[in-house]
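Note sheet for the following structure.
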Amino acid sequence: MTRSRGEVPQVSQDLLVLREGDDVAVATRDLSPGDAPEASGTGPVDVRQPVPRGHKIALRAVPTGGHVRKYGQVIGVATTDIAPGDHVHSHNLGFEEGERETPLGGTHTELPVPDGARPTFRGYRRADGRVGTRNFVAILTSVNCSASTAKMIADQFRGAALDEFENVDGVIALTHTSGCGLVPDSEGGQILLRTLRGYAAHPNVAGLLVLGLGCEMVPGAALSARSGQVADLGMPGIGAPDETRSGLLAAISDDTVVRSLTIQEAGGVRASVRAGVAAIREMLPLVNQRERVECDVSELVLALNCGGSDGYSGITANPALGWASDRLVAYGATSVLAETPEVYGAEHLLTARAAEPAVAKKLLDRIDWWRDYMAAGGGTLDNNPSPGNKAGGLTTILEKSLGAVAKGGQADLGAVYEYAEPITERGFGFMDTPGYDPVSVTGLVAGGANVVVFTTGRGSVFGCRPTPSIKVATNTPMYAVMSEDMDVNAGVVVDGTATVAEVGRQIFDRILAVASGEQTVSEELEIGAEEFIPWHIGAVT
């Protein structure tokens with residue numbers, strides 16, 4: 001079956017009806033009892049209770065136990081009788097998993113390549129053929145015990161310290177809270193190793209200092225199994241690892257300058273800071289030799305994420321990002337959706353788009369894993385949405401997920417990846433991650449994403465390094481308050497001054513500009529290193 005691109009919401013002054021036959025509409029302003037806003041296709045609706053902006057109002061009666069539909073899909077069950085004009089939210093709408101058909105493919109959407117010249121961006125082409133959008137020196141810690149030392153080293157390269165190295169985007173300390181006390185061969189240990197190795201091999205990292213303590217379970221040598229193109233610096237406790245490479249380690253590009261440093265061998269924290277600073281000073285002229293070159297749009301690997309969602313997320317920013325994602329895929333680029341707990345309830349929309357049954361089954365297997373994982377922790381997947389999401393108008397995980405999957409557009413689903421697994425297939429894919437924003441994006445960047453687009457309705461201040469993150473606001477009031485933290489305002493869709501496609505085009509153009517070196521607002525504030533948070537699961541001894 002071939003499907004056309006997604007429908008555009010019908011916009012009226014006060015209410016949005018997202019699909020014909022929906023039981024609810026979304027308020028675009030605060031509604032009060034006695035108001036009678038018009039809903040397209042249904043006529044005036046007499047408001048019976050206060051309905052905050054972004055929340056749902058009933059268009060028709062739904063009896064207790066009846067299904068409530070939004071986006072043309074069931075978002076929950078009425079827990080009391082709902083009358084037309086009622087505010088529909090947690091007090092009268094509950095979660096019910098129900099039965100959903102999960103087709104294993106069969107829905108295909110043609111994404112024709114637009115006419116005209118192919119877009120390009122100016123990126124850093126690496127020796128292994130991949131393309132970076134930034135040119136960083138990273139200090140990657142193998143264990144939390146070396147985190148403070150890494151930050152002390154990085155702090156020496158703030159301010160004017162890099163002024164003479166115009167092609168170097170910064171020196172960042174990538175620290176975390178793990179690396180010891182866990183079994184390296186366990187699921188959690190393997191996730192940590194994949195994540196650290198993914199960052200070590202990332203095309204946005206041209207210089208790498210791996211910093212360990214010396215007695216941890218995840219030694220630095222496991223992350224940096226090859227040297228760069230420079231001689232051993234000959235400093236106490238610092239050196240270039242041998243040339244033996246295996247598995248994911250082979251992904252580190254030959255033109256990445258790699259050094260390792262062990263605090264215990266170097267003589268402690270102060271000695272390690274001196275040695276680390278000297279090592280990076282040796283790297284900087286080499287890293288600075290990299291220059292941007294013209295690259296085809298197909299070299300982009302886009303990470304799709306959201307945080308602080310609201311009732312407008314699935315109406316404005318997410319479908320606009322879906323438009324941009326489809327445009328990239330049409331050009332042969334890569335786009336990856338994530339946050340498994342936040343596609344739960346809408347997974348059937350993704351499995352229907354699977355290029356082959358095995359891809360759909362892998363996604364369903366990951367959702368089954370999450371059911372077991374949540375049950376073991378005493379929770380369920382319907383614990384979502386968060387209090388902030390609910391304040392913004394989202395009631396059930398089904399409603400939230402239906403809006404979240406809109407970020408993935410309409411392209412066929414070609415691959416499903418485990419957390420931090422290398423992204424190898426062009427086109428649209430999915431990565432299994434938690435819904436917690438920094439953990440999710442950390443996995444996507446470890447997989448190789450060189451641009452992130454992050455949508456938010458409540459006002460997330462998330463940033464990311466070494467991969468730039470473009471933040472898209474879902475509504476104009478929040479954008480007006482937090483404009484210094486937002487890159488794009490998708491609220492103009494609800495305002496009626498732009499279409500989803502027009503905002504999608506704005507996001508697409510912004511992706512190309514940022515990939516070429518234009519800074520995002522979070523980069524201007526140097527936000528992103530603290531948001532490096534590998535997913536921590538499993539036993540700690």
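What's counted below: heavy atoms across the whole structure, side chains too, no hydrogens, waters or symmetry copies.
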Could you work out, with salt bridge (charged side-chain N to carboxylate O under 4.0 Å, His left out) as the rule, every residue matching [X], not counting sequence neighbours?
| X | result |
| --- | --- |
| Asp509 | Arg505 |
| Arg426 | Glu299 |
| Glu347 | Arg100 |

What is the distance from atom [atom1] of [X] to atom [atom2] of [Y], rounded to the nearest 0.5 Å?
| X | Y | atom1 | atom2 | value |
| --- | --- | --- | --- | --- |
| Glu166 | Asn135 | CD | CG | 11.5 Å |
| Leu328 | Leu302 | CG | CG | 6.0 Å |
| Thr455 | Asp310 | OG1 | CG | 9.0 Å |

Side chain [X], main chain [Y], donor-acceptor under 3.5 Å:
| X | Y | result |
| --- | --- | --- |
| Thr141 | Leu174 | yes |
| Ser460 | Gly307 | no |
| Lys362 | Val416 | yes |
| Asp326 | Ala411 | yes |
| Asp412 | Phe428 | no |
| Asn450 | Val301 | yes |
| Gln519 | Gly517 | no |
| Thr456 | Ala473 | no |
| Asp487 | Thr520 | no |
| Asn204 | Pro466 | yes |

Considering non-hydrogen atoms only, spot the tightest contact between [X] and [Y] and give its length.
| X | Y | result |
| --- | --- | --- |
| Ser335 | Ser325 | OG-OG, 2.7 Å |
| Val492 | Val503 | CG2-CG2, 3.6 Å |
| Cys215 | Cys180 | O-SG, 4.5 Å |

Which pairs count as salt bridge (Lys or Arg N to Asp or Glu O under 4.0 Å) when at least one residue sits in [range], sequence neighbours excluded?
| range | value |
| --- | --- |
| residues 439-456 | none |
| residues 131-160 | Arg134-Glu523, Lys151-Glu530, Arg158-Glu526 |
| residues 167-187 | none |

Taking the side chain as C-beta and beyond, is there a heavy-atom pair between [X] and [Y] under 4.5 Å?
| X | Y | answer |
| --- | --- | --- |
| Glu418 | Arg194 | yes |
| Pro468 | Glu518 | no |
| Thr195 | His176 | no |
| Val258 | Thr256 | yes |
| Val472 | Asn318 | no |

Residues forming a ring pair (Phe, Tyr, Trp, His ring centres under 6.0 Å) with [X], sequence neighbours excluded:
| X | value |
| --- | --- |
| Phe532 | Tyr199 |
| Phe121 | none |
| Phe462 | Phe454 |

Residues Arg126 and Asp128 bridged, charged N to O under 4.0 Å =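 Not counted as a salt bridge, because no side-chain N and carboxylate O are separated by less than 4.0 Å.
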
Do Lys471 and Asp485 meet the salt-bridge criterion of a basic N to acidic O distance under 4.0 Å?
-> no

Residue that, paired with Val287, satisfies side-chain contact (heavy atoms from CB on, under 4.5 Å) out of Val137, Asn167, Val205 = Val137

Kindly state each residue pair satisfying ring-ring contact (aromatic ring centres under 6.0 Å, His included) with at least one member in residues 138-167, sequence neighbours excluded.
-> none

Could you check Glu216 against Ser146 for side chain to side chain contact (heavy atoms under 4.5 Å, CB included), going step by step and ending with a plain yes or no?
-> CA-CA 10 Å; Glu216 60 268 29; Ser146 56; 5.8 Å; no

Ignoring hydrogens and angles, write down the donor-acceptor pairs under 3.5 Å from the side chains of residues 430-446, residues two or more places apart or on other chains.
residue : atom : partner : partner atom : Å
Asp432  : OD1  : Thr340  : OG1          : 2.5
Asp432  : OD1  : Trp370  : NE1          : 2.7
Asp432  : OD2  : Arg366  : NE           : 2.8
Asp432  : OD2  : Arg366  : NH2          : 2.9
Thr433  : OG1  : Glu339  : N            : 2.9
Thr433  : OG1  : Ser440  : OG           : 2.7
Ser440  : OG   : Asn305  : ND2          : 2.9
Thr442  : OG1  : Pro438  : O            : 2.7
Thr442  : OG1  : Glu531  : O            : 3.3
Thr442  : OG1  : Ile533  : N            : 2.9

For Thr120, what residues pass the side chain to side chain contact (heavy atoms under 4.5 Å, CB included) criterion, not counting sequence neighbours?
->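 Listed in chain order: Glu294.
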
Arg270 atom CZ, neighbour heavy-atom count above 12 within 6.0 Å = no

Go through Val514 and Thr133 one step at a time and tell me if the side chain to side chain contact (heavy atoms under 4.5 Å, CB included) criterion holds.
-> CA-CA 8 Å; Val514 167; Thr133 58; over 6 Å; no

